[in-house]
There are 2 protein chains.
Amino acid sequence: MSQTVDRALSILPLLAEGPADLGQVADRLGVHKSTALRLLRTLHEHGLVYRQSDQRYRLGARLFALAQEAMENLDIREIAHPHLTRLNDSCGHTVHLAVYEEGEVLYIDKVDSRYPVRMYSRIGKPVAITVAAVAKLLLADLPEAERRAVAEKLDYPAYTPRSTPNAPAFLTELEKVREQGWATDLGGHEESINCVAAPIRGADGRVVAAMSVSAPNVVVSADELLTLLPLVRRTADTISGEYSGRNPVTAQ
Amino acid sequence: MSQTVDRALSILPLLAEGPADLGQVADRLGVHKSTALRLLRTLHEHGLVYRQSDQRYRLGARLFALAQEAMENLDIREIAHPHLTRLNDSCGHTVHLAVYEEGEVLYIDKVDSRYPVRMYSRIGKPVAITVAAVAKLLLADLPEAERRAVAEKLDYPAYTPRSTPNAPAFLTELEKVREQGWATDLGGHEESINCVAAPIRGADGRVVAAMSVSAPNVVVSADELLTLLPLVRRTADTISGEYSGRNPVTAQ
DNA sequence: CAGCTACGTTGCGTGTACTGCAACACTCAT
DNA sequence: ATGAGTGTTGCAGTACACGCAACGTAGCTG
């Protein structure tokens with residue numbers, strides 16, 4: 001690995017915490033000011049950092065544009081989106097699409113026609129991985145070894161009394177999810193929110209993404225939400241079929 | 001600036017166009033494969049690129065998280081948001097918030113309660129800078145020299161017959177906008193869409209952001225939309241006041 | 001206003017760490 | 001099997017990134 005690049009890239013998460021001046025950056029990197037300056041200049045030239053009027057540095061605009069383009073290029077999202085909106089039309093609840101990447105699960109799409117939700121507050125943000133229904137599906141499909149490794153490394157925050165408490169409980173839950181081919185989150189993240197989720201598979205049967213429908217208790221009970229399961233699974237299967245290049249699938 | 005970092009960062013926009021394999025990256029950088037490999041590995045370690053199952057590289061998840069955090073740290077957005085939603089409540093149209101940064105104008109917030117718009121398709125995306133009302137306001141406030149320099153460098157795509165045709169036309173338009181303290185886009189980007197916009201100023205009077213209300217012709221005529229101008233300007237002024245720390249924030 | 005400190009910036013010699021080469025390992029087609 | 005196409009590794013030479021020290025410029029303080 002390249003030392004110089006490594007140092008330069010370490011600046012980004014540092015600036016993500018908030019603006020910093022040259023001295024602070026140099027200190028936290030453990031390098032001389034002149035070195036930090038050169039790195040910052042290079043980052044600046046690529047638009048990844050921006051120098052605000054008080055001369056301090058913060059993350060730059062190009063970052064948005066890149067994240068943007070990266071998102072647009074995810075073909076799963078492209079394919080899934082119309083199906084997600086259609087599902088949303090017919091049930092009215094929030095629909096999420098998520099993928100797994102290197103120990104993290106992220107939402108890559110969301111449809112919610114009812115409320116003016118600030119979408120970017122979730123898209124791209126790591127999911128509550130130990131409780132979210134989509135996370136369970138994505139992790140359940142990992143190879144045994146990796147699954148256990150990831151499960152061991154995670155924190156298990158007790159969002160609610162129903163949150164997954166620890167790694168063993170999580171692993172047995174994943175096993176169950178794996179068997180049944182779908183997952184739920186019943187008040188595990190927020191007391192009053194329930195979700196049902198189904199996997200989207202590639203041509204080789206591996207899970208490439210997962211989608212879920214979420215609704216608060218006050219609108220529909222958990223049991224009522226579960227009646228949507230067949231519809232969710234059918235939608236996921238349709239997307240799977242289209243993603244694999246097969247003709248729209250009628251299986252359920 | 002640093003050559004190594006420069007090369008590494010050049011990989012990012014390259015991958016933004018779509019996934020690429022090692023050879024392609026090396027070619028487009030004009031370096032040896034082993035060099036490209038080392039750079040990619042470093043980027044990978046920082047989560048900025050991801051290696052998909054077919055071994056090709058694409059942009060990684062950390063990018064979203066970073067863009068995310070950068071966004072959250074923009075205090076203008078924080079302050080403006082409740083005012084934007086309130087404006088949206090009272091008029092029902094789409095409301096945008098945008099800032100200028102290094103030759104680009106970007107939307108950093110958007111409220112649209114009516115339709116299930118895919119918000120992220122605009123947030124963070126560079127604005128049609130030659131025609132958008134918010135862009136005119138932001139550019140109009142630049143120092144003479146910079147304004148001209150930017151105007152000269154721009155492309156002037158003819159989105160519609162009413163699009164700004166060239167740099168001189170743009171500069172006179174900016175002059176007008178500067179004088180009157182507000183701006184419009186009447187079908188300059190999309191034939192049937194009109195916008196009115198107002199500037200948000202910092203304590204020193206400089207324009208730090210701009211906000212706009214947009215609506216299609218079929219809903220309200222351009223004249224009708226213009227009747228909203230006082231409301232838009234009042235909202236912008238309120239935000240300006242709060243941003244400058246003048247008016248202490250009152251409980252909502 | 002002089003003197004101070006704190007900060008960003010510049011030029012330069014030294015030596016590190018980045019580069020490109022060449023050889024290797026591997027997967028697919030033919 | 002054999003070949004062409006990948007990605008990967010170790011190594012020697014040298015470009016280039018590093019830290020130093022000196023300078024420029026603010027912003028305080030007496």
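Computed from a prediction, not measured in an experiment: that's the story for all the values here. The chains referred to below are lettered A, B, ... by the order of the sequence lines, with proteins before strands, and numbering in each begins at 1.
- Look at B:E179 and B:K176 and you find no salt bridge, because none of the NZ, NE, NH1 or NH2 atoms lies under 4.0 Å from a carboxylate O.
- Contacts of B:R51 with the nucleic acid, taken as non-hydrogen atoms under 4.0 Å apart, involve only primed sugar atoms and P, OP1 or OP2.
- Checking A:R51 against A:Y57 by side-chain atom types alone, a donor-acceptor pair falls below 3.5 Å.
- Ionic pairing of B:E17 and B:R58 is not present here: no N-O contact between side-chain nitrogen and carboxylate oxygen is shorter than 4.0 angstrom.
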(request) Scan nucleotides 12-30 of chain C nucleotide by nucleotide, 5' to 3', and note B when protein non-hydrogen atoms come under 4.0 Å of the base, S if they reach only the sugar-phosphate, - if neither. (result) -----SSBBB---------
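- Spacing between atom OH of B:Y57 and atom P of D:dT6 amounts to 14 Å, rounded to whole angstrom units.
- Between B:E45 and A:M1, the closest side-chain pair of non-hydrogen atoms falls below 4.5 Å.
- Of the N and O atoms on the side chains of A:H96 and A:D109, not one donor lies less than 3.5 Å from an acceptor on the other residue.
- Ion pairing of B:E175 with B:R147 is present here, as a side-chain N (NZ or NE/NH1/NH2) and a carboxylate O approach within less than 4.0 Å.
- Considering only side-chain N and O atoms, A:R41 lies under 4.0 angstrom from the phosphate OP1 or OP2 of C:dT10.
- Less than 4.0 Å separates DNA chain D from at least one heavy atom of each of the following residues of residues 9-21 of chain B: B:D21.
- At whole-Å resolution of the value, CG in A:D27 and C1' in C:dG8 are 14 Å apart.
- The structure places CG of A:L137 at 11.5 Å from CZ of A:R178, a figure rounded to the nearest 0.5 Å.
- Separation of the A:F170 and A:Y156 ring centroids falls under the 6.0 Å cut-off.
- Rounded to an integer number of Å, the gap from CZ of B:R56 to P of D:dG5 is 18 Å.
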